[in-house]
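Notes follow the structure.
Note on naming: letters A, B, ... go to the chains in the order of the sequence lines (proteins, then strands), and numbering restarts at 1 for each one. Here the structure is a predicted model, which means the values were calculated and not measured.
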There are 2 protein chains.
Amino acid sequence: MAQQPGPRADPRPPWTRQRVLRAAIDLADQDGIESLSMRKLSQLLGGAPMSLYNHIANKDDLLDGMIDAVFSEIELPSGEDGWKTAMRQRAISIRTILSRHRWAIGLMNSRTSPGPATLRYHNAVIGSLRDAGFPVQLAAYGIAALDSYIYGFALQEQALPFPTPAQTSQLAQAMLEQIPTDQYPHFAELTIEDVLQPGDDHGAYEFGLDLLLDGLEQSLHKQTTH
Amino acid sequence: MAQQPGPRADPRPPWTRQRVLRAAIDLADQDGIESLSMRKLSQLLGGAPMSLYNHIANKDDLLDGMIDAVFSEIELPSGEDGWKTAMRQRAISIRTILSRHRWAIGLMNSRTSPGPATLRYHNAVIGSLRDAGFPVQLAAYGIAALDSYIYGFALQEQALPFPTPAQTSQLAQAMLEQIPTDQYPHFAELTIEDVLQPGDDHGAYEFGLDLLLDGLEQSLHKQTTH
DNA sequence: ACCTGAACACCGTTCAAGT
DNA sequence: ACCTGAACACCGTTCAAGT
């Protein structure tokens, strides 16, 4: 009986790269990327810091793996409902995922050795536009514009120190009270009339997104009718 | 004579907050934000780590000061040539400045105690749109869209590990050789036909920027003619 | 093949002591 | 008022030693 402890009995399952990555992502999700240290991670897994190096090369490799895991969470564009729908779904999917993995935003585009999920994803995104008739150059520009917007918006959302709109409003209120509002009337007005209003600003995201998508559609028509 | 050493003679001028911030920015510009440590900074200034704390409260305060200094470098919108020109100049100005201060990109929107230069800047940007007839809500959405694009584009440029297009092409070439290109044909095609071509892609930045500005102009007309 | 303790060269910051 | 050495609680990683 002691030889067959069953899957739940062992408090310390053997480490794998998968398990290490999962624990690292959970830690970063909960406590922020600045709390992710090799020492804390090993402690969370119930072992010594150096044991990690049997499954990952170093911290950089750890980050590469974490980012590839995040890319694997993004829904691939289906290609059935047209490029515009595909790009809108992509934008919304990334926003949702990055709200769970706020630490990932600055890293999604800065890893120089992309994993398989990252490559599959990028290939599908480009393919969605190319199949819809986008010339290579316009596809490149279009994706750069959309990605800039998507990651930039996420960057600004991540900058909010609290996840809920109510808490954010409260902080904005406190910030505003420390500022000489008569010197910055426009700033004060916009903060009061917009930032202090609750609501998760789904509107703001789609507003800019649609400006880009509609503009891209016009660019596509111009290029193809010439 | 020894009492009057002249400005160049003293190798260790007294530290001031100004001088500390300047040295910190220079260090971050040259070696990256991860190299900016209190210890290295104090060494650069020719003193002990703890001496820094006579001029700044802690590292967070140091970052606050650095970011406010970066905001002070951005040209304020003049307001004479219309909001569209003002916003385009703002976008180009930020891109130029963030190429010098790549470490700043992720921090511009995440500091919760904005300094005077930051407040003056934001107030001027909002004012530029409000004076042109933008309702508060549309100004807020418009700035959010533009800022997302501006910072997101900078984030992607910063992600490039080398500052010059030639070096970047070379790295992309090396990356591409390690990838099974037949599995990712769209990715390979775009990399070869776009990324590997030299040129600093001024075009890509203005392309997305104009999509947003033209779209914003249409939104403004719609709102004001109703 | 996988794990690990000790050690090294780093961090930011507190505290107490100097001038 | 400004500076600083020692100390504390942290880092990532190398190396040598275990099973």
Side-chain angles (χ1 to χ4, degrees), chain A residues 2-3 5 7 10-67 103-104 106-107 110-113 161, chain B residues 2-3 5 10-67 103 106-107 110-113 161:
Chain A
Q3 329 282 68
D10 190 350
R12 271 182 55 185
W15 294 11
T16 59
R17 184 180 166 90
Q18 270 276 345
R19 209 183 303 275
V20 167
L21 290 178
R22 226 189 136 64
I25 291 172
D26 288 346
L27 183 54
D29 284 352
Q30 281 176 31
D31 300 349
I33 192 75
E34 73 284 350
S35 286
L36 172 64
S37 72
M38 303 296 265
R39 294 168 125 98
K40 272 192 210 151
L41 179 56
S42 66
Q43 202 181 346
L44 201 74
L45 286 161
M50 282 316 299
S51 304
L52 290 169
Y53 290 80
N54 293 307
H55 304 95
I56 52 160
N58 48 36
K59 196 171 184 182
D60 227 53
D61 181 39
L62 178 68
L63 290 173
D64 278 335
M66 292 168 72
I67 291 298
W103 51 270
L107 301 171
S110 66
R111 302 276 92 195
T112 52
S113 38
Chain B
Q3 328 282 68
D10 191 348
R12 268 181 57 182
W15 293 11
T16 60
R17 185 178 166 91
Q18 272 275 348
R19 208 182 302 275
V20 168
L21 290 179
R22 227 188 136 66
I25 291 171
D26 287 347
L27 183 54
D29 285 352
Q30 281 177 29
D31 300 348
I33 192 75
E34 73 284 349
S35 286
L36 172 65
S37 73
M38 302 297 265
R39 295 168 124 97
K40 272 192 210 151
L41 179 56
S42 66
Q43 200 180 347
L44 201 74
L45 286 161
M50 283 316 298
S51 304
L52 290 169
Y53 289 80
N54 293 308
H55 304 96
I56 51 160
N58 48 37
K59 196 171 183 182
D60 227 54
D61 181 40
L62 177 67
L63 290 173
D64 278 336
M66 290 167 74
I67 291 298
W103 52 269
L107 302 170
S110 66
R111 303 275 90 195
T112 52
S113 39

Atom pair distance, as rounded to whole Å: [atom1] in [X] and [atom2] in [N]:
| X | N | atom1 | atom2 | value |
| --- | --- | --- | --- | --- |
| B:Leu52 | D:dG5 | CG | P | 13 Å |
| B:Asn54 | C:dT13 | CG | C1' | 13 Å |
| A:Ile56 | C:dC2 | CD1 | P | 14 Å |
| B:Trp15 | D:dT4 | CH2 | C1' | 10 Å |
| B:Leu45 | D:dC2 | CG | P | 15 Å |

Flag side-chain contact, heavy atom, 4.5 Å: B:Leu63 against B:Met66: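 Answer yes - side chains close enough.
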Validation row: A:Leu45, A:Trp15 side chains within 4.5 angstrom (heavy atoms):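 Yes, their side chains come closer than 4.5 Å.
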Set of residues satisfying salt bridge (Lys or Arg N to Asp or Glu O under 4.0 Å) with respect to A:Asp60, sequence neighbours excluded: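 Result, salt bridge (Lys or Arg N to Asp or Glu O under 4.0 Å) vs A:Asp60: A:Arg111.
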Set of salt bridge (Lys or Arg N to Asp or Glu O under 4.0 Å) partners for A:Asp61, sequence neighbours left out: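 Result, salt bridge (Lys or Arg N to Asp or Glu O under 4.0 Å) vs A:Asp61: A:Arg17.
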Phosphate contact (C:dA1 OP1 or OP2) by A:His55 side-chain N/O below 4.0 Å: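 The answer is no; no side-chain N or O of A:His55 sits under 4.0 Å from OP1 or OP2.
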Where DNA chain D forms stems, i.e. three or more consecutive Watson-Crick or G-U pairs with both distances under 3.5 Å: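 As far as DNA chain D goes, consecutive pairing (with distances under 3.5 Å) yields the stems C:4-8 with D:12-16, C:12-16 with D:4-8.
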Contact state string [nucleotides 14-19 of chain D, B base, S sugar-phosphate only, - no protein heavy atom under 4.0 Å]: BB----
First locate atom [atom1] of [X], then atom [atom2] of [Y], and finally report the distance between them rounded to the nearest 0.5 Å.
| X | Y | atom1 | atom2 | result |
| --- | --- | --- | --- | --- |
| B:Leu41 | B:Leu52 | CG | CG | 5.0 Å |
| A:Arg22 | A:Thr16 | CZ | OG1 | 10.5 Å |
| A:Leu27 | A:Asp29 | CG | CG | 9.0 Å |

Intermediate values then yes/no, side-chain contact (heavy atoms from CB on, under 4.5 Å), B:Asp26 and B:Leu44: CA-CA 10 Å; B:Asp26 287 347; B:Leu44 201 74; 5.6 Å; no
Closest to side chain of A:Lys59, choosing from D:dT13, D:dT4, C:dT13: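 Nearest nucleotide to the side chain: D:dT13.
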Nearest heavy atoms of B:Asn58 and B:Tyr53, plus distance in Å: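 Closest approach of B:Asn58 to B:Tyr53: CA-CE2, 4.0 Å.
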With sequence neighbours excluded, residues passing side-chain contact (heavy atoms from CB on, under 4.5 Å) with A:Arg39: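 Listed in chain order: A:Ser37, A:Pro49.
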Close approaches to DNA chain D from residues 19-42 of chain B, in residue order (heavy atom, under 4.0 Å):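 When residues 19-42 of chain B is checked for heavy atoms under 4.0 Å from DNA chain D, the hits, listed by number, are B:Arg39.
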